[in-house]
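Each remark here refers to the structure printed beneath this line.
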Amino acid sequence: TGMDVLIVEDDLSAQVALAQEVMRRGLGVICMGDLDSAEAMLRHQVPRAVILGEWVGGRLSHRLALLSECRRPDVAVI
């Protein structure tokens, strides 16, 4: 299925729990634990959905939501 959902979360247990739930629904997942790597990936490709921790690495993640929506208006950001 490729990359259907990007999860950006620095809490590993939360990241794993979210990924397992998404995969149970038959969707492809990529997980990242830092904003800079996630931003670089989003500049290349935006998935159908992005799940963001509000704070990642001590920084607000809102800029990734905005970037995702600018590059792919139909993206679902949670």
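Worth knowing before you read on, the calculation uses all heavy atoms, side chains too, and leaves out hydrogens, waters and symmetry mates.
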Note to self: Please check this pair: side chain of D4 against backbone of G28, looking for a donor-acceptor N/O pair closer than 3.5 Å.
What the structure shows: yes
Check: Distance from R63 atom CZ to C70 atom SG, nearest 0.5 Å?
Finding: 13.5 Å
Margin query: Less than 4.0 angstrom from a charged side-chain N to a carboxylate O is my criterion; do D10 and R59 meet it?
Written below: no
Check: Counting only N and O atoms by type, is there a donor-acceptor contact under 3.5 Å from the side chain of S61 to the main-chain atoms of E54?
Finding: yes
Next item on the list: Please name the pair of heavy atoms, one in R72 and one in V46, separated by the smallest distance, quoted to 0.1 Å.
Entry: NH1-O, 3.1 Å
Checklist line | Minimum heavy-atom distance between D34 and V8, given as atom pair plus value | finding: O-CG1, 4.3 Å
Check: Going by heavy atoms in the side chains, are R48 and V5 under 4.5 Å from each other?
Finding: no
Check: Hey, is CZ on R24 packed in by over 12 heavy atoms from elsewhere, all under 6.0 Å?
Finding: yes
Item checked: Identified side chain to side chain contact (heavy atoms under 4.5 Å, CB included) counterpart of L64 within the set L35, L6, V77 -> L35
Notebook entry, point to check: What is the minimum heavy-atom distance between G53 and E9, and which atoms define it?
Noted result: CA-OE1, 3.5 Å
Check: So do M32 and I7 actually touch side chain to side chain, heavy atoms under 4.5 Å?
Finding: no
Margin query: Tell me whether L18 shares a hydrophobic cluster with V16, the cluster being built from Ile, Leu, Val, Met, Phe, Trp, Tyr side chains joined at under 4.5 Å.
Written below: no
Check: How far does CD of E69 sit from CG of L42, to the nearest 0.5 angstrom?
Finding: 11.0 Å
Checklist line | Cluster link I78 to L60, ILVMFWY, side chain under 4.5 Å | finding: no
Check: Do E39 and L67 come within less than 4.5 Å of each other through their side chains, counting heavy atoms only?
Finding: yes
